[in-house]
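For the numbers below, each heavy atom of this structure counts, side chains included, while hydrogens, waters and symmetry mates do not.
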Amino acid sequence: MALMEIEFKFHIPAERLKAVEAAMRRGTVVRTRLQARYFDTDDQALAAQGIVLRLRKEGRRWVQTVKAAGDNALHRLEHNVDLGAAAGGASPTVDPQRHQGTPVGERLAKVLAESGAPLVERQSTDIVRLTRDVRTTGAGAAVVELALDLGKVVAHAGTPEQRESPVCELELELKRGDVQGLVALARRWSQQHGLWFSTVSKAERGARLLAKLDVVPAIKAEPPRFADEKDNTLDGRAIQQAVVASCLAQMLPNASEIAAGSIDEEQIHQLRICIRRLRTALRELAGLDASGSLFAAAEWEPPLVEAFRALGALRDREQIVKLAQPQLRGAGAPAFDPLAGDQAAAGAPSPSDIVRAPAFQSALVSLIGFTASVHAEAARQEQSLPLNSDDARRFLRKRLQHLHQQVVRDGERFESLPTEDQHRTRKRLKRLRYLAEFVAPLFADADDEKKTSTAERYLNRLRPAQDALGEFNDEAVAMAIYREAAAHDARAWFAVGWFSARHAAGAKACRKALDKIEKAPRFWAKK
């Protein structure tokens with residue numbers, strides 16, 4: 001059976017498990033023991049392509065399954081083959097050919113052919129699953145399967161190297177109906193029980209055990225993947241969805257790791273970057289769809305802003321001082337820690353607390369749902385349709401040109417701008433860069449590489465200006481930190497004076513870098 005799986009997966013904090021299980025049992029539940037074996041090549045060719053191949057014993061029956069990432073945060077390609085009950089209770093042999101003729105099966109076959117390596121068992125799971133169907137009513141009518149999974153993932157089973165990872169999670173899968181019914185139910189359960197969205201699959205848990213990984217690399221931004229426009233379906237809503245999906249592809253894995261307790265600086269940094277990118281999308285692309293019924297920046301943006309600022313309060317002061325200290329020592333500054341006894345950090349929430357916050361998790365759920373939604377029939381009847389492909393490009397040209405001109409105008413008088421306006425210029429430059437990165441593929445001709453190279457040249461012209469304004473802003477923040485510290489330690493005045501003396505030169509460097517943007521080749525300009 002081939003299908004497109006649409007689901008949410010949440011981690012359940014240990015202290016919330018009893019309440020979640022009690023809520024599950026308010027309806028008719030089915031208890032099933034699931035024992036699975038996961039397969040990959042020795043060089044993990046399947047994992048590298050986001051593919052999972054497993055044999056799972058469900059009660060007395062065996063099922064072979066292959067899964068792969070779909071086209072957004074909710075979708076997964078999946079194909080299941082029921083193998084029945086094996087004779088004598090023995091486990092059947094895995095066979096990739098069972099998935100032949102399906103989209104995910106073709107992807108599996110291609111990766112295995114390119115690898116040329118045989119399949120080996122990598123890890124196993126032993127899970128007790130409680131399932132229950134829930135019906136939602138109203139505009140978002142749907143049937144959703146709730147699955148409470150409790151158990152463990154095991155690597156190197158039966159050897160001195162054996163390692164285990166506990167599983168305690170709730171999955172909500174759309175069986176039929178409106179995806180917004182799934183979204184509403186996911187939001188309600190996560191809010192009531194303090195759950196947080198997790199991107200770590202059972203297969204990924206096993207891979208980490210095998211690799212003995214406690215911290216995984218942070219996920220960085222990738223450009224959006226736009227659908228083929230041959231059938232003229234790439235309208236304003238489709239563009240919005242593709243851009244939001246690209247933001248979530250960076251945001252969700254980093255947020256998932258931080259919610260689980262990671263304090264990795266790069267993960268926190270990348271999460272803040274993708275919040276900035278997402279806020280740019282919410283602000284600059286809203287006009288692509290006049291209905292705006294789901295692209296609700298007014299609802300989603302406040303929790304994003306709060307998380308961005310809270311994570312920045314934890315990271316920025318410490319990072320900026322780390323960068324400033326070597327320069328100050330080289331200039332002969334007295335040894336001094338301006339953050340000693342820092343009251344700004346006292347009582348601050350941890351990164352995991354910030355990401356687990358109900359409002360932030362609710363925003364994530366809504367944004368994920370938006371990427372999988374279709375146009376509401378009511379909006380169609382009201383003629384509140386998104387811009388068509390040509391009008392969408394015209395709109396984007398105007399937005400890019402407007403931001404470009406604002407940045408150039410600010411650059412011409414940067415040195416005379418008030419501090420607040422200098423900071424606004426930096427934010428506008430970031431919005432220009434992110435918007436350009438989002439939509440550059442829409443202005444590239446598949447038969448003409450010049451458009452692509454023009455976009456790259458334009459972005460390359462923005463980066464030196466962003467670096468200059470970033471350094472200028474860091475020094476302004478550092479000077480404020482040392483000025484605060486000077487109230488209780490006179491040694492801080494050296495740094496205040498040193499940064500003050502550099503301020504004019506820094507502003508001049510910013511102006512020169514911004515000046516170079518004016519003549520940058522604009523990839524969105526018509527020939």
### Query
Does any non-hydrogen side-chain atom of W196 lie less than 4.5 Å from one of S352?
no

### Task
Could you tell me whether K202 and E169 make a salt bridge, using a distance below 4.0 angstrom between a side-chain N and a carboxylate O?
yes

### Query
Can you check salt bridge (charged side-chain N to carboxylate O under 4.0 Å, His left out) on R393 and D390, steps first, answer last?
CA-CA 5 Å; R393 281 174 172 77; D390 291 337; 5.4 Å; no

### Query
Would you say the side chains of S262 and Q267 form a donor-acceptor pair under 3.5 Å?
yes

### Message
How long is the straight-line distance from CG of L435 back to CH2 of W524, given to the nearest 0.5 Å?
### Response
8.5 Å

### Query
Taking the six-membered ring for Trp, is the centroid-to-centroid distance between F414 and F472 below 6.0 Å?
yes

#### Entry: N254 side chain vs I219 backbone, donor-acceptor pair below 3.5 Å
yes

### Under 3.5 Å donor-acceptor, T371 side chain and I368 backbone
yes

### Message
Can a side-chain donor-acceptor contact be found between T280 and R276 if the only test is distance below 3.5 angstrom?
### Response
no

### Message
Main chain of A47, side chain of D40: is a donor-acceptor contact present, judged purely on distance under 3.5 Å?
### Response
yes

### Summary
Residues at least two apart in sequence or cross-chain that pass salt bridge (charged side-chain N to carboxylate O under 4.0 Å, His left out) with D410, listed by chain then number, are R413, R428

### Task
Measure the spacing between CD of E145 and CD of E173 and express it to the nearest 0.5 Å.
6.0 Å

### Query
Is a side-chain N or O of R272 found less than 3.5 angstrom from the main chain of F308, in a donor-acceptor match?
yes

### Query
Do the side chain of R356 and the main chain of A259 share a donor and acceptor less than 3.5 angstrom apart?
yes

#### Entry: Between CD1 on residue I354 and CG on residue L271, distance to nearest 0.5 Å
9.5 Å

### Message
Run K322 and E318 through salt bridge (charged side-chain N to carboxylate O under 4.0 Å, His left out) and show every step you take.
### Response
CA-CA 6 Å; K322 279 184 181 179; E318 184 175 340; 3.7 Å; yes

### Query
How many angstroms lie between CZ in R205 and OG in S198, if you round to the nearest 0.5 Å?
6.0 Å

### Task
Quick one: sort the F8 and F10 rings into parallel, tilted or perpendicular, breaks at 30° and 60°.
parallel

#### Entry: Flag, side chain of S366 to backbone of S362, donor-acceptor distance under 3.5 Å
yes

### Salt-bridge criterion met for K9 and E204 (N-O under 4.0 Å)
no

### Donor-acceptor contact below 3.5 Å, side chain S190 vs main chain A186
yes

### Task
Using a 4.5 Å cut-off on heavy atoms from C-beta on, say whether the side chain of E412 contacts that of E518.
yes

### Query
Strictly by modelled atom types, are R463 and N460 linked by a side-chain donor-acceptor pair under 3.5 Å?
yes

### Task
Answer whether the closest heavy-atom distance between the side chains of W189 and V134 falls below 4.5 Å.
no

## Note on the structure
To the nearest 0.5 Å, atom CG of L285 lies from atom CD of Q241 at 12.0 Å

### Query
Going by heavy atoms in the side chains, are L182 and L172 under 4.5 Å from each other?
yes

### Query
Do L53 and H99 have side chains that get closer than 4.5 Å, going by heavy atoms?
yes

### Task
Side-chain contact test, heavy atoms from C-beta onward, threshold under 4.5 Å: evaluate it for V216 versus V200 and give yes or no.
no

### Query
Mind checking whether R279 and V305 have side chains closer than 4.5 Å, heavy atoms only?
yes

### Q466: side-chain hydrogen bond (donor to acceptor under 3.5 Å, both in side chains) partners, not counting sequence neighbours
R433

### Message
Nearest 0.5 Å, please: how far is CG in L514 from CG in L469?
### Response
5.0 Å

### Presence of salt bridge, K67 and E7, under 4.0 angstrom
no

### Query
Between R424 and E420, is there a salt bridge with N-O shorter than 4.0 Å?
yes

### Task
Before accepting this row, confirm whether a basic side-chain N of the pair E415/K508 lies closer than 4.0 Å to the acidic partner's carboxylate O.
no

### Task
Would you indicate whether the side-chain heavy atoms of E257 and D264 approach each other to under 4.5 Å?
no

### Query
With sequence neighbours excluded, what pairs up with D515 under the side chain to side chain contact (heavy atoms under 4.5 Å, CB included) test?
R511

